[in-house]
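Input: a single structure, listed below in C-alpha cells.
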Amino acid sequence: MDKLEAKNVNVFYGLNKVINDVSISIKPNSVTAFIGPSGCGKSTFLRLFNRMNDYIDIFKMEGKVEIDGKNIYDKAIRVEELRKKVGMVFQKPNPFPKTIYENIVYGLRIQGIKDKNILDETVEKSLKQAALWEEVKDKLKNSALALSGGQQQRLCIARTLAVEPTVILMDEPASALDPISSAKVEELIYELKNNYTIVIVTHNMQQAARVSDTTAFFYMGELIEHDSTKIIFTNPKNERTQNYVTGRFG
Amino acid sequence: MNNAVKNRIKDNAFKYFGIACTSFGLLMLAIFIGNILIEGLARIDWDFITNFPSRNPDKAGILPALVGTLWIMGLTAIIAIPLGVSAGIYLEEYGRKNRLAKILEINISNLAGVPSIIYGLLGLEIFGRIMGMGGSLLAGASTLSLLILPVIIVSTREALKAVPKSIKEASFAMGASKWQTIWHQLLPASFGGVITGIILALSRAIGETAPLIVIGALAYVPFVPASPTDEFSVLPIQIFNWISRPQKGFAINAASAIIILLLVTFVLNGIAMYLRNRWQRKVRW
Ligand SMILES: Nc1ncnc2c1ncn2[C@@H]1O[C@H](COP(=O)(O)OP(=O)(O)OP(=O)(O)O)[C@@H](O)[C@H]1O
Ligand SMILES: [Mg+2]
C-alpha cells in the first residue's frame with residue numbers, strides 16, 4: 001500500500017489557487033524529492049501532509065490527503081497525533097532556546113513521558129541516528145543555540161526522530177547550510193530512508209539526484225511529472241521537466 | 001558649499017540640539033533629586049520609618065503609609081498579573097484577528113491613556129459602593145489593577161509577538177497543542193518582556209495618588225493595616241498631606257518620604273532591569 005497519497009488536491013490562499021488538481025502516491029521507505037521553480041507550491045503541498053497550513057487564515061483545501069489509507073483531513077483526526085507520526089524539518093534550523101537535551105526530549109515531554117531512563121535513552125539514540133552524538137555528548141546541558149548551523153539542523157532532525165515518526169517532511173533542509181554540513185545532512189537522509197518515508201523539497205538538482213528515489217516536478221501549482229529520479233533526470237517525458245532539470249529555465 | 005558639507009552641518013546641528021534636550025531633562029532631574037536629598041536625607045532614621053503620623057513633625061513617621069503602599073503593591077500584583085497576562089495571551093494567541101479584535105485592541109491601548117482619576121471614580125462606584133468594599137485596601141488595589149491592566153496586556157502581547165514564528169512552528173510540528181506551545185515555548189521565551197511590563201506597570205501604580213484619594217484612602221491612619229479589608233493610606237497621599245501643611249517640619253518630612261518612595265520605585269525598576277538582562281542573555285535567536 002502507498003504510504004502517502006493525495007487525490008485531486010486543490011489549495012487556495014484566499015481567491016488565489018496555488019495547487020491545481022494534484023494527485024500523487026508515495027511508497028513507504030523511500031525518498032521523494034519535490035522540485036520546481038520558486039513559488040510553484042512545493043512548500044504548500046508538502047505542508048499538507050502534516051497540516052501545517054491550517055494556521056494560515058486564508059488557506060482552503062479541496063480533495064483528499066491520505067496517510068496509510070486514512071484521510072488526515074477527516075474531522076476525527078487529531079492534528080497532535082498526526083504530527084507525532086509525520087515529523088517536519090524546516091529550511092532554517094529552528095532549535096528551541098533550551099538545552100540540547102531538552103530539545104530532543106520535547107516531543108516526549110509533551111506526550112507526558114517523564115521516566116528519566118526513557119528520556120536519556122531517546123536522547124542518545126536520536127542523536128546517534130542524526131550523526132550528532134559524538135559532537136555533543138559532553139555538552140547535552142548546553143544551549144542548543146550555541147551549536148553551528150549544520151549541527152543545529154542535525155539536532156532538529158534528531159528532535160524529529162525522537163518521537164519515532166514514520167514520515168519525515170523536509171523543506172529545503174540543507175539550503176541554509178555550508179557544503180560540508182549539507183553533505184552530512186544528505187548522508188543522513190540516505191541512511192534514514194531504510195526506516196522512514198521521506199519527502200524533501202530542494203532547489204539543488206544534484207542533491208535531488210543524489211538522495212531521492214523518485215522525483216516530482218511541480219510547475220505553477222501543477223504536478224507535471226512524477227517518476228523515478230533516474231528517469232526524471234535523464235529521460236523525462238515532459239519537455240518542461242527536461243528544460244527545468246537541464247537548467248534551461250527556473 | 002556643496003551638499004555633503006551642508007548635510008554634515010545639519011547632522012551636527014541636530015546632534016547638539018539632541019544633546020542639549022537630553023541634558024536639560026537630566027539636569028532638571030538632578031536638581032530635583034539633589035534638592036530632595038539635601039532637604040530630606042537628614043530626617044531619615046529608623047524612627048521615621050517606624051513611627052505613626054503625628055501633629056508634631058519631629059515625631060511623625062511613615063509606618064502606616066509605607067505598609068499601606070506595600071500592601072497595595074502586593075494586592076495589585078496578585079490581582080493584575082494573572083488577569084493581565086492571561087488576557088494578553090488570549091488576545092495574542094487565541095483571539096481571532098477580525099474587526100472586533102482590532103477595535104478591542106485599539107480600545108485597550110486607549111485605556112492606558114485614560115486619566116487615572118477616572119479609574120478612581122469607576123473604582124469608587126464599582127468596588128467601593130456596589131461591591132461594598134468601601135475605602136479598603138482591596139478596593140484600592142482593585143482600582144489600581146484596572147488602571148495598570150492595559151499596560152500589562154499590551155506588554156504581554158508585545159513580548160509574545162517578539163518570539164520568532166519558527167519556534168512556534170517547530171513546536172506545533174512536534175505535535176504540541178496550542179496550550180503546550182504557549183506554556184513550554186512562548187512564555188519562557190518572552191518571560192523577560194512580560195516581567196518588565198509587569199514591573200513597569202507596578203511602579204506606575206506605586207506613585208498613583210488621585211484614584212486612591214477618590215475611593216477614600218485616608219490621609220491620617222493611626223494604625224498599621226493588617227488585612228485587605230482595612231482602611232489605609234499610601235506614601236504619595238502621606239507626602240501630599242504633609243506638603244499641604246504650613247509648618248517647615250512637615251515639608252522636610254515630605255522630602256524624606258519622597259526619598260523612600262523613590263527608593264522603592266528604583267528597587268522595582270532595578271529588579272525589572274536585572275530580570276530582563278538575565279533573560280535576554282539566556283534567550284538569543
Ligand atoms: N501564507 C500565505 N498566504 C498567501 N499566499 C501564500 C502563502 N504562502 C504561500 N503563498 C503563495 O502560494 C504560492 C506557493 O508558495 P510556496 O511557498 O508553496 O512555493 P514554493 O514552491 O515552496 O516556493 P519556494 O521554492 O520559493 O520555497 C506562491 O504564489 C505564494 O506566494
Ligand atoms: Mg518553499
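Each chain gets a letter, A, B and so on, in the order the sequences are listed, and its residues count up from 1.
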Give a yes or no on whether [X] atom [atom1] has more than 12 heavy-atom contacts from other residues, nucleotides or ligands under 6.0 Å away.
X        : atom1 : result
A:Ile113 : CD1   : yes
A:Glu164 : CD    : no
A:Lys64  : NZ    : no
B:Lys161 : NZ    : yes
A:Lys125 : NZ    : no
B:Phe14  : CZ    : no
A:Phe12  : CZ    : yes
A:Leu15  : CG    : no

Closest contact, heavy atoms only, [X] versus [Y]:
X       : Y        : answer
A:Pro97 : B:Gln185 : CD-OE1, 4.3 Å
A:Asn94 : B:Ala170 : ND2-CB, 3.4 Å
A:Pro95 : B:Ile167 : O-CD1, 3.4 Å

About how many Å separate [atom2] of [Y] and [atom1] of [X], when rounded to the nearest 0.5 Å?
X        : Y        : atom1 : atom2 : value
A:Met88  : B:Met174 : CE    : CE    : 13.0 Å
A:Lys92  : B:Glu169 : NZ    : CD    : 11.0 Å
B:Ser171 : A:Arg83  : OG    : CZ    : 9.5 Å

Does anything in residues 149-158 of chain A reach chain B? List residues with heavy atoms under 4.5 Å apart, or say none.
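Near chain B, by residue number: none.
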Within residues 53-63 of chain A, which positions have a heavy-atom distance to chain B below 4.5 Å?
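Within residues 53-63 of chain A, the residues under 4.5 Å from chain B are A:Tyr55.
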If you count heavy-atom pairs within less than 4.5 Å of chain A, which of B:His184, B:Lys168, B:Gln180 leads?
B:Gln180
For A:Lys98, which atoms come within 4.5 Å of any heavy atom of chain B: side chain, backbone, both, or neither?
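Side chain of A:Lys98 only, per the 4.5 Å heavy-atom cut-off to chain B.
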At a heavy-atom separation under 4.5 Å, does A:Arg159 approach chain B through its side chain, its backbone, both, or neither?
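A:Arg159 touches chain B through backbone and side-chain heavy atoms alike.
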